[in-house]
Every structure is written in structure tokens, then in C-alpha cells.
Amino acid sequence: MTAEEDYQQGNAWRKQGDFKRALDCYMEAIALDPESPAVAAKEMLDDIMSFYCKDYYNP
């Protein structure tokens, strides 16, 4: 697959809510092309997955 195909596949997984597979595809795209738009997409997913708000946390 090309970097663009990996990026598009990652977008498809992200839209389905499968962030793990989306990240895997973005990482493949970045490995093939470090200038790919997958870099920004991966950063956004990293931000989403690392979000923590103590106001929303209620054990």
C-alpha cells in the first residue's frame, strides 16, 4: 500500500470509531512518507486518546 492508501484506510477506521486500527494505519503511512497528512491525523488521535478531564471523572 502507498502512504495515501494507508492514510485513507486510517480515516475509514477512525470514522468507524476503531482508533487502534486507525493509528496503526497512520503509523504505516508516516513510515512510508514522513510528510503525509497522517502526521496531523495521528497527533489529533493522540490528543483524543490522552484527554483527561478531572471534572468528568467520577469513580
Side-chain angles (χ1 to χ4, degrees):
M1 289 179 71
T2 66
E4 179 65 23
E5 290 170 335
D6 281 326
Y7 170 65
Q8 293 300 330
Q9 183 63 45
N11 286 341
W13 286 121
R14 180 184 47 80
K15 289 176 184 175
Q16 292 178 18
D18 193 340
F19 294 153
K20 170 68 173 104
R21 285 186 177 168
L23 277 174
D24 290 343
C25 289
Y26 292 151
M27 293 297 291
E28 286 293 322
I30 293 167
L32 294 171
D33 179 12
E35 301 296 318
S36 169
V39 173
K42 180 190 173 297
E43 289 174 1
M44 286 186 281
L45 269 186
D46 285 341
D47 287 345
I48 290 168
M49 293 176 65
S50 67
F51 178 76
Y52 171 76
C53 180
K54 66 181 179 177
D55 294 334
Y56 296 148
Y57 184 69
N58 187 6

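When all heavy atoms of Ser36 and Tyr7 are compared, the pair lying nearest together is OG-CB, 4.4 Å. Residues Ile30 and Ala38 approach most closely at CD1-O, 3.8 Å, considering heavy atoms. The heavy-atom pair separating Ala3 from Asp33 by the smallest distance is CB-CB, 3.6 Å.
Side-chain atoms of Gln9 and Glu5 form no donor-acceptor pair, as typed in the model, at a separation below 3.5 Å.
The shortest distance between side-chain heavy atoms of Asn11 and Tyr26 falls below 4.5 Å. Residues Leu23 and Asp46 have side chains in contact (heavy-atom distance under 4.5 Å, counting atoms from C-beta outward).
Tracing side-chain contacts under 4.5 Å through hydrophobic residues (I, L, V, M, F, W, Y), one never reaches Val39 starting from Leu45; they form parts of separate clusters. No path of Ile, Leu, Val, Met, Phe, Trp and Tyr side chains, each step under 4.5 Å between heavy atoms, connects Met49 with Met27, placing them in separate hydrophobic clusters.
Environment of CD in Gln16: crowded, with over 12 heavy atoms of neighbouring residues, nucleotides or ligands closer than 6.0 Å.
The NZ atom of Lys42 lies 9.5 Å from the CG atom of Asp47; values are rounded to the nearest 0.5 Å.
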